[in-house]
Each structure stands twice: as structure tokens, then as C-alpha cells.
Protein chains: 2
Amino acid sequence: MPDTAIPPSYPITPVNRVKRRHDRGAYDHETVHRILDSAMLCHVSYVIDGQPYCTPTLFWREGTHLYWHGSSASRMLRNLDKGQPACLTVTHLDSLVMARCGFNHSADYRSAMCFGHARLVTDIEEKKRALTMMVDRFFPNRTAGLRQSTAQEIKATAVVVMEIEQASAKIRAKGLADDDEDYALPVYAERIPVTTVLGVPEPCDRLLPGVERGEDLKAYQPWRLLEEALRESYAEAYP
Amino acid sequence: MPDTAIPPSYPITPVNRVKRRHDRGAYDHETVHRILDSAMLCHVSYVIDGQPYCTPTLFWREGTHLYWHGSSASRMLRNLDKGQPACLTVTHLDSLVMARCGFNHSADYRSAMCFGHARLVTDIEEKKRALTMMVDRFFPNRTAGLRQSTAQEIKATAVVVMEIEQASAKIRAKGLADDDEDYALPVYAERIPVTTVLGVPEPCDRLLPGVERGEDLKAYQPWRLLEEALRESYAEAYP
């Protein structure tokens, strides 16, 4: 069997090995990346003076690199060439699971934790490209039709990049799972699906005459799953 | 004016002060707690051997204390009386904002970051009460009708508690906000609402005859916002 038949995976180390419920863990690129590419919001953890921070931010993936919108992390990263250890996590909540005992109450979910060293994107060309993809990864080719960014705007936006050194996915998708003997009990049990959906688009009320919604937003249709629109746009932005 | 007229707030320190876009920041209990009580999923950051972790988990609030389902944090916390510094964050994504330039692309959101020291709940009575509320905070009085937890189950579930020492809320709710001169450009701009909703409940297909859905789940109706059901249940669980 040629090497190429082995699906690429992230290395498993003490840092990213799924310890609790390890039957739910996965490390292959395909599983991890699909969870990432189905989201636009992540939470990033980093440490300043021993204090952990958990910051929500916009992010996207490019190969095995993650980019995100810098916030208070930027100050810490400014003068660090090697980067700071960070952990970027994405979680999709898929259902609530009400079982026949407290212990089996649960939720279906998909999450990915990515570990690496975060650094600020400072090279001006790298940064311009990243700022383009910060829009175009979600709305393919949208930047070309926008008012172009000023030097001041480029300066005011911080972009952080991190190579995924280790990662793990954790998926629970089994719904109700009571203990065998508990099914004989007169207790009501159910699963409730949870989805994150798009609403009806609200066009700006100051649009110029004749200006219409373009192909860049075509994935974003009312009542569609946000994650479907994000995956479809991703596939178009990174064919 | 009596002291009671001053709404309670979390202290503002260099740790929790909102640095970027500080006009979006708030520190009062009401704002922070509402964001927390509208969620069941949070992300917790903590540090092990200098490595930050960002872990998704179920959580709930009781006054100015947060409880969450322990995972790999438990091992670290087991023998630490004073607790470990941690940061628990909740984020609600409310819309996507497509503006006339890249810089003004944004999202409406509500987030709360809470800082404190996490410790494992080890006292058996405190732990039993917490495990009851881990279910009943979401599904009021449900535990009373369930098969009761075994000693082994109680032992196998880790619960972490953290007093909120500092907290901040950050809210963006203004939708489209282009630069004044950009409204004259022939660029399409819109806001798309994003909501997280409940689906149609899927009752267990092994329910005993006559066993029906109870009052504990009444807040969870099809197509309702998850956050509304969570707030309503919270108000009933902690009247």
C-alpha cells in the first residue's frame, strides 16, 4: 500500500491525546479540518503573566495553519518571533440528550482543539493577503468589489497565525444511551436537535439604485445551516 | 440615593478591562449574568505546564459562582485547595455583517469572560447538590423523577466550581456601520441574523406505555431559540 493511502493525521502527544472518553477522539486531518471549516467563531486560549485568557474571535484555516482576528493577544505577541503557546477550539452543539438518570444526560457535539505557537502577522504582503482571506474565505471573491483598505486600516487590524502542531477532534453523535436496565423505568427520555441557522438577509437601507446581492453571498440563504454555508464558501475560496 | 440603587458590578482590573473596542464593554452583574444564563456551553481556559488549554464544556451559574463539568482539568485540580487560575467564556453569535469595505466587516455578538480560581468540588454533599443542579438548572425538577445516581456515578463525574472574581461582557449589536463616505459607493451591503434554535424533540423509542413529556421540558419547544429556553428554565430553577 503506498504511503499516500494513509490519511494524514496530527501527531498524538500527551498534550492533545483525548483522555476522558477517548473513544470519541480523532486526530486525522479530514475530521479535524471539517469541524474547523464549519465554523467562523472560535475560542483561543493563551497565557499572560500566568493568567489564562479565553477569547472569542473570527478565524479560518489555510492548510495546517489557522488565522484569526487579533485582539488583546496582539499586544503580547508583537515582539515575539517564536510565538506564544496557544490553543484554538471550535465547538458545534448538535443536541440535548435527556436520559433516564442524571449520569447519562449529555449532549451531542463536535469539537476540535488545535495546539501550536501563535505569532502576529507582521510582513505587509502576508498581512494584506490574510486580510483579503479574512473576508473572502467566508464570502468568496468579495474583496475585489469592495472599497479597498487604507494603510491605516491595515495597520489597525491585527492578524495572528498559528501552525497546527497538534490537534484532536472529539465527537459525540449517539443521542440517547441509557444503561440497559434503565429502559425498564417509567422515565421520559428524549433527544432535542440543536442547529445554528441563518435568518432572512437585511440589505442596507442606503444601497445605491441597481446594486444587487452578488455571487459572493450565494451560500447564505434564509434558514440554511450556518455551517453548511461556511463549508460551501470554504470549498469555493480554497478550491 | 441609597447604596442599593447602585447596580452590582464586577471590579475592573487590568485583567478584565476591555481593551480593544472598550465602548462595547460592560461589567455589571445583570449584563454579564444574562449572557451566561443564555447558554449551556462555555469554553474554559486553564494552564498545565505552561500549555494553555481551551476546553468546551457544560456549565451553569449560581449567584457569583460558576460550575462546570470537569474534564481533563480535573486531574490538575484534584489536589489544589486554592484552585488554579481559569477563564470561562460564553459567546453568542447574533449576525454576520457585510460592509462596503473589509475593515467594517463584522459580526454582532454577545460575550462574557469570567476570571477566577477553579477548584474541584470534593465535599460529597456539595457535589451531590451540584450534580442535581447540573440537570435541574436546565430541566427544572427533573432529577426527582430520574433513577437516582449511584455512588460510582457520583465518583465518576467531576464538577469544578469557580467564584467569579472579575468579569467583563462585550456586546456588538449595531449591525451595518460603514464609513460615512462609503455609503456613496456602488457596493452591496447587508446583515444576516444568526440564531441557534431547538428542533423537534425525538422521544426515546423505548418509552414505557403512558410515560409522557413532563413540565421539566416545557421550555424546550420546536423552533424556539435555545437561549430563550435556557433563560426561562434558569428563572424557574433559581427563582
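Numbers restart at 1 for each chain; the letters A, B, ... are given by sequence-line order, proteins then strands. Predicted model only: the values in this text are computed from it and were never measured.
- For chain A, the nearby parts of Leu198(B) are the backbone and the side chain; heavy atoms of each come within less than 4.5 Å.
- Residues that satisfy the salt bridge (Lys or Arg N to Asp or Glu O under 4.0 Å) test with Arg224(B), not counting sequence neighbours, are Glu228(B), Glu232(B).
- Heavy atoms of Val18(B) lying under 4.5 Å from chain A are absent altogether.
- Only the backbone of Glu212(B) comes within less than 4.5 Å of a heavy atom of chain A; no side-chain atom from C-beta onward does.
- The pair Asp94(B)-Arg110(B) counts as a salt bridge, with a side-chain nitrogen and a carboxylate oxygen less than 4.0 angstrom apart.
- Counting heavy-atom pairs closer than 4.5 Å to chain B, the top-ranked of the candidates Val200(A), Asp136(A), Val15(A) is Val15(A).
- Looking at Tyr183(B), both its backbone and its side chain come within 4.5 Å of chain A, counting heavy atoms on both sides.
- The most heavy-atom pairs under 4.5 Å with chain A, out of Ala86(B), Pro193(B), Ser111(B), Ala156(B), come from Pro193(B).
- With a 4.5 Å cut-off on non-hydrogen atoms, Leu185(B) touches chain A through its backbone and its side chain both.
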Quick one: side chains of residues 96-105 of chain B, donor-acceptor pairs under 3.5 Å with protein atoms, not counting sequence neighbours, listed by atom name and distance.
from      : atom 1 : to        : atom 2 : distance (Å)
Arg100(B) : NH1    : Asp178(B) : OD2    : 2.9
Arg100(B) : NH2    : Arg206(A) : O      : 3.4
Asn104(B) : ND2    : Asp179(B) : OD1    : 3.0
His105(B) : ND1    : Cys101(B) : O      : 2.8
His105(B) : NE2    : Arg142(A) : NE     : 2.8

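- For a residue to count as touching a neighbouring chain, one of its non-hydrogen atoms must lie under 4.5 Å from one of that chain's; by this rule Leu131(B) does not touch chain A.
- With a 4.5 Å cut-off on non-hydrogen atoms, Thr195(B) touches chain A through its backbone and its side chain both.
- Between Phe139(B) and Tyr220(B), the distance from one ring center to the other falls under 6.0 angstrom.
- Tyr53(B) and Phe115(A) have perpendicular rings, their planes meeting at more than 60° on a 0 to 90° scale where under 30° would count as parallel.
- The backbone N or O of Pro140(A) lies less than 3.5 Å from no partner atom in the side chain of Asp216(A), so there is not a single donor-acceptor pair.
- For Leu217(B), the part sitting under 4.5 Å from any heavy atom of chain A is the side chain, from C-beta outward, and nothing else.
- When Gly199(B), Ser45(B), Pro209(B) are compared by the number of non-hydrogen pairs under 4.5 Å with chain A, Ser45(B) comes out ahead.
- Ranking Leu41(B), Leu176(B), Thr157(B), Asp182(B) against chain A, the residue ahead of the rest is Asp182(B), based on heavy-atom pairs under 4.5 Å.
- No donor-acceptor distance shorter than 3.5 angstrom exists from the side chain of Ser95(A) to the backbone of Ala107(A), with no hydrogens or angles considered.
- Here CH2 of Trp60(B) is found 14.5 Å from OG of Ser233(B). Values are rounded to the nearest 0.5 Å.
- Proximity to chain A involves both the backbone and the side chain of Leu146(B), based on heavy atoms less than 4.5 angstrom apart.
- When Thr150(B), Val197(B), Val135(B), Asp205(B) are compared by the number of non-hydrogen pairs under 4.5 Å with chain A, Val197(B) comes out ahead.
- Both the backbone and the side chain of Ala189(B) come within less than 4.5 Å of a heavy atom in chain A.
- Cys54(B) pairs with exactly one of Val44(A), Val90(A), Thr89(A) by the side chain to side chain contact (heavy atoms under 4.5 Å, CB included) rule, that one being Thr89(A).
- Gln166(A) places no side-chain N or O within donor-acceptor distance of the main-chain N or O of Pro14(A), the cut-off being under 3.5 Å.
- With chain A as the partner, the residue from Gly50(B), Gly175(B), Gly145(B), Pro203(B) showing the most heavy-atom pairs under 4.5 Å is Pro203(B).
- The contact between Val194(B) and chain A is made by backbone and side chain atoms together, counting heavy-atom distances below 4.5 Å.
- Between chain B and the residues Arg147(A), Gln148(A), Met134(A), Met113(A), the most heavy-atom pairs under 4.5 angstrom are made by Arg147(A).
- Of the possible donor and acceptor atoms, none in the side chain of Lys127(B) sits under 3.5 Å from a partner among the backbone N and O of Val159(B).
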